[in-house]
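The sequence lines fix the lettering, A, B, ..., with proteins before strands; numbering per chain opens at 1. Just so it is clear, the structure is predicted and the values come from calculations on it, not from any experiment.
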2 protein chains.
Amino acid sequence: MMRLELDFRSGIPIYIQIVDRIKEMISNGHLKPGDQLPTVRALAQELRINFNTVARAYRILDESGIISTQQGRGTYILEIPPPEVTQAMRQTTIEALTERYLADVLRLGFSPEEVLAFIHRQLKSKSPLQKPF
Amino acid sequence: MMRLELDFRSGIPIYIQIVDRIKEMISNGHLKPGDQLPTVRALAQELRINFNTVARAYRILDESGIISTQQGRGTYILEIPPPEVTQAMRQTTIEALTERYLADVLRLGFSPEEVLAFIHRQLKSKSPLQKPF
DNA sequence: TGTATGATTGTATCATTGTACTAATTGTAT
DNA sequence: ATACAATTAGTACAATGATACAATCATACA
């Protein structure tokens with residue numbers, strides 16, 4: 001149960017209200033990373049609204065990188081790793097990733113030139129930013 | 001233990017991700033004909049997903065003639081991966097590998113230039129190129 | 001050997017989850 | 001009133017999970 005109250009007379013769209021309440025609950029610790037949010041249908045029933053409205057709110061939060069919605073699984077509050085962690089990961093991770101990538105690709109029989117060509121090509125048509133859960 | 005990582009936020013269905021990773025591992029020799037894959041339950045537990053999702057991936061690979069799943073016995077890489085399959089896989093595999101590598105690395109905050117520099121550096125220290133099995 | 005039995009494997013089916021698309025409703029300016 | 005845009009609802013769908021099942025294997029024992 002989600003103790004989330006709406007004001008239907010405020011003129012503020014419901015999906016915005018949901019977004020704001022959930023942000024609040026994360027800020028004040030009522031929701032913690034890893035917590036599962038109610039399903040769109042469950043929360044919709046609780047609030048007596050259509051589940052698509054909840055889905056819209058969830059989508060906004062997802063695009064903001066606050067939650068992770070996964071079809072068939074549910075929606076979860078995202079872990080937000082502290083900056084120093086990601087910074088420490090940066091160096092070791094890129095080395096490991098590159099090592100592994102090159103090993104795999106060379107093992108496939110591609111030449112270094114081909115690999116570079118691929119990198120260049122895909123770098124040009126790149127849409128950035130997705131995070132693993 | 002199966003080095004197989006999923007991205008629950010990519011929007012790409014999990015069963016598709018599993019199919020792709022296994023194709024990759026076959027292409028680059030990490031999996032060889034005759035090798036037994038993890039049981040649907042074992043892999044599911046490792047990935048923290050439902051075993052039916054693994055089963056779905058295995059079924060697709062089975063229908064593609066890449067693996068053989070046998071009720072009560074397990075699933076195995078087929079002895080003779082169809083040539084046209086492996087050949088076609090080679091291309092899609094490098095594309096998938098590259099795309100995933102770049103996504104990972106760019107997410108860490110590296111610029112395309114830095115990535116290219118890294119690649120160049122490691123390619124130099126990586127002496128001869130190997131042939132595909 | 002042969003067979004009984006329990007464990008382990010993949011399979012089938014349906015429920016539950018979020019998604020996509022479209023239609024209806026509501027608010028607001030003209 | 002009308003038109004337009006934003007919001008909400010209806011419907012169909014795709015992905016994942018839960019549960020019960022069938023086939024095979026491993027083991028013990030006669």
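Distances from the side chain of B/Arg56 to the nucleotides D/dT16, C/dA12, C/dT19 place D/dT16 closest. Each of C/dT11, D/dA18, D/dT11 was ranked by its minimum atom distance to the side chain of B/Ala55; first place goes to C/dT11. Closest approach to the B/Thr69 side chain among D/dT11, C/dT11, D/dT16 is made by C/dT11 (side chain taken as heavy atoms from C-beta onward).
Between A/Phe118 and A/Phe110, the angle of the ring planes goes over 60°, which puts this pair in the perpendicular group of the 30/60° scheme.
Below the 3.5 angstrom threshold, one finds no donor paired with an acceptor across the side chain of B/Asn52 and the base of D/dA15. Residue-to-nucleotide contacts include no donor-acceptor pair under 3.5 Å from the side chain of A/Arg73 to the base of C/dG18.
Judged by Watson-Crick or G-U wobble contacts below 3.5 Å, the nucleotide C/dT30 has D/dA1 as its partner.
For the salt bridge (charged side-chain N to carboxylate O under 4.0 Å, His left out) condition, the pairs that include at least one residue of residues 20-41 of chain A, sequence neighbours left out, are A/Arg21-A/Glu24.
Nearest-nucleotide assignment on DNA chain C puts the 5′-proximal partner with B/Gln70, out of B/Gln70 and A/Gln71.
A/Ile49 has its CD1 atom 18 Å from the P atom of C/dT25, to the nearest Å. At whole-Å resolution of the value, CG in A/Asn50 and C1' in C/dT26 are 15 Å apart.
Using a 4.0 Å heavy-atom criterion, one finds that B/Arg59 contacts no nucleic acid atom at all.
Residues from residues 3-19 of chain A with heavy atoms under 4.0 angstrom of DNA chain C: there are none.
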task: Check the pair B/His30 / A/Asp104 against side-chain contact (heavy atoms from CB on, under 4.5 Å), numbers first and verdict last.
output: CA-CA 9 Å; B/His30 284 130; A/Asp104 283 348; 2.8 Å; yes
